[in-house]
Protein chains: 2
Amino acid sequence: MFQILIMFSKACEYGIRATVYIAQESLSGNRASLKVIAKEIDSPEAFTAKILQQLARHNLILSTKGPHGGFEIAPENLYHLTLDKIVKSIDGDEIYQGCGLGLKACDADNPCPLHFQFLEVRNKLSLMLHTTKIYEMAEGIVDGSAFLRR
Amino acid sequence: MFQILIMFSKACEYGIRATVYIAQESLSGNRASLKVIAKEIDSPEAFTAKILQQLARHNLILSTKGPHGGFEIAPENLYHLTLDKIVKSIDGDEIYQGCGLGLKACDADNPCPLHFQFLEVRNKLSLMLHTTKIYEMAEGIVDGSAFLRR
DNA sequence: TAAATAAAGGACAAAAAGGTCTTAATATAT
DNA sequence: ATATATTAAGACCTTTTTGTCCTTTATTTA
Ligand code: FES
Ligand code: FES
């Protein structure tokens with residue numbers, strides 16, 4: 001009964017914040033270790049590990065084991081990576097499909113009474129996710145105009 | 001890890017669909033019983049009961065016990081009731097407050113790197129919820145241009 | 001090669017959301 | 001008054017999400 005209305009699962013929140021932090025480090029050529037990431041974004045370490053594993057499996061971030069290992073974003077990805085990729089990796093593929101009122105299908109031929117209004121909001125969200133770049137978010141951290149904790 | 005991105009909790013979905021159905025009946029002067037509601041909107045009966053109880057406690061709908069009892073919407077509410085009231089009754093009050101990335105506070109002075117983009121989407125959603133009237137949704141059902149199940 | 005460091009993976013635990021069942025309360029009709 | 005229909009309320013169960021812990025695997029450095 002008590003769930004926030006829009007947005008991300010905890011997994012997704014941590015995933016986004018972690019990725020932004022990793023991007024920030026990658027911008028200055030450093031790798032970030034799980035321990036540091038979890039501390040910097042104030043997230044549960046082991047849980048964050050699972051999420052980063054997923055992102056690594058989907059090749060959104062790179063992971064390296066051993067001393068001086070950690071996570072980074074490949075230079076060729078760094079400036080292209082958008083929010084929607086992160087979200088899709090974590091929350092799955094069917095994000096933009098289901099009916100907002102929970103009907104089994106969502107289509108304009110058999111719409112629920114909220115279909116068209118809902119679509120507008122969803123499209124706006126979708127646009128936001130597709131156009132927001134991780135490195136831009138990271139730059140906000142670097143220049144001190146945005147924060148990943150507190 | 002596997003949660004849909006936007007929108008309503010199941011409780012909210014059922015709550016909205018049930019209310020729209022009740023509104024539809026109220027438009028023609030009838031009460032709707034739990035059993036019929038659950039059947040018409042294809043929702044679990046006992047769970048739906050809980051949700052309707054909440055809505056009744058918040059005075060969004062009226063409930064009457066006994067034979068020919070059931071749920072209805074008071075005529076003076078019928079044309080004013082908007083979606084946001086339903087959502088607020090079920091999912092609580094803090095819907096429009098939290099940070100999209102899960103930071104402890106959401107404000108423009110200490111924004112997360114998604115704050116301003118997020119706000120745009122949230123405002124659009126908020127506007128939609130505040131302007132969409134239940135009776136209009138119900139009319140869509142009546143005239144056959146929208147559906148509450150399938 | 002051994003020791004140290006760091007991520008990967010799997011089993012498990014806790015919390016929240018979703019859902020059921022049983023009993024009580026209340027209104028109606030006979 | 002009694003039987004019946006209907007919602008209210010509380011205890012309980014199930015599934016999903018969130019989170020922890022421990023062992024294994026890979027990499028680096030001494
Ligand atoms: S049918 Fe409900 S949102 Fe499309
Ligand atoms: S601070 Fe994150 S959405 Fe406002």
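The basis for the numbers below is simple: all heavy atoms, side chains too, and nothing from hydrogens, waters or symmetry mates. Throughout, a chain's letter reflects where its sequence line sits, starting with A, and its residues are numbered from 1.
Here the P atom of nucleotide dG9(C) and the CD1 atom of Ile51(A) are 15 Å apart, to the nearest Å. Protein atom CD of Glu45(B) is 17 Å distant from nucleotide atom P of dA9(D), rounded to whole Å. Atom pair Leu34(B):CG and dG19(C):C1' shows a separation of 13 Å (rounding to whole Å applied). Distance, Lys35(A) NZ to dA7(C) P: 9 Å, rounded to whole Å. For the pair Ile90(A) CD1 and dT18(D) C1', the computed distance is 13 Å after rounding to whole Å. Look at NZ on Lys65(A): it is 10 Å from P on dA7(C), rounded to the nearest Å. Atoms CG (Leu52(A)) and P (dG19(D)) sit 14 Å apart, rounded to a whole Å. Atom CZ of Phe71(B) and atom P of dA27(C) are 14 Å apart (whole Å).
For Ala11(A), taking side-chain heavy atoms from C-beta onward, the closest of the listed nucleotides dT18(D), dG18(C), dT27(D) is dT18(D). The side chain of Pro67(A) approaches dT28(D) more closely than any other nucleotide in the set dC21(D), dA5(D), dT28(D). Nearest to the side chain of Pro44(A), among dA6(C), dG18(C), dT20(D), sits dT20(D).
Lys50(A) contributes a side-chain N or O that forms a donor-acceptor pair with the base of dG10(C) under 3.5 Å.
Pro44(A) is listed as a side-chain neighbour of Tyr14(A), based on a closest heavy-atom distance under 4.5 Å. Counting heavy atoms from C-beta on, the side chains of Lys35(A) and Glu45(A) come closer than 4.5 Å. Ser63(B) is not listed as a side-chain neighbour of Leu52(B), based on a closest heavy-atom distance of 4.5 Å or more.
For Gln53(A) and dA7(C), the shortest distance from a side-chain N or O to OP1 or OP2 is not below 4.0 Å. The side chain of Tyr14(A) places no N or O atom within less than 4.0 Å of a non-bridging phosphate oxygen (OP1 or OP2) of dT18(D). Using a 4.0 Å cut-off, some side-chain N or O of Ser63(A) falls inside it from OP1 or OP2 of dA8(C).
In summary, the side chains of Arg31(A) and Thr64(A) do present a donor paired with an acceptor at a separation below 3.5 Å, with no hydrogens or angles considered.
The nearest heavy atom of DNA chain C to Arg57(A) and to His68(A) marks one nucleotide each, and the one closer to the 5' end goes with His68(A).
The side-chain hydrogen bond (donor to acceptor under 3.5 Å, both in side chains) test applied to Ser126(A) returns His130(A), not counting sequence neighbours.
Contact annotation for Arg31(A): no contact, since no heavy-atom pair falls under 4.0 Å across all strands.
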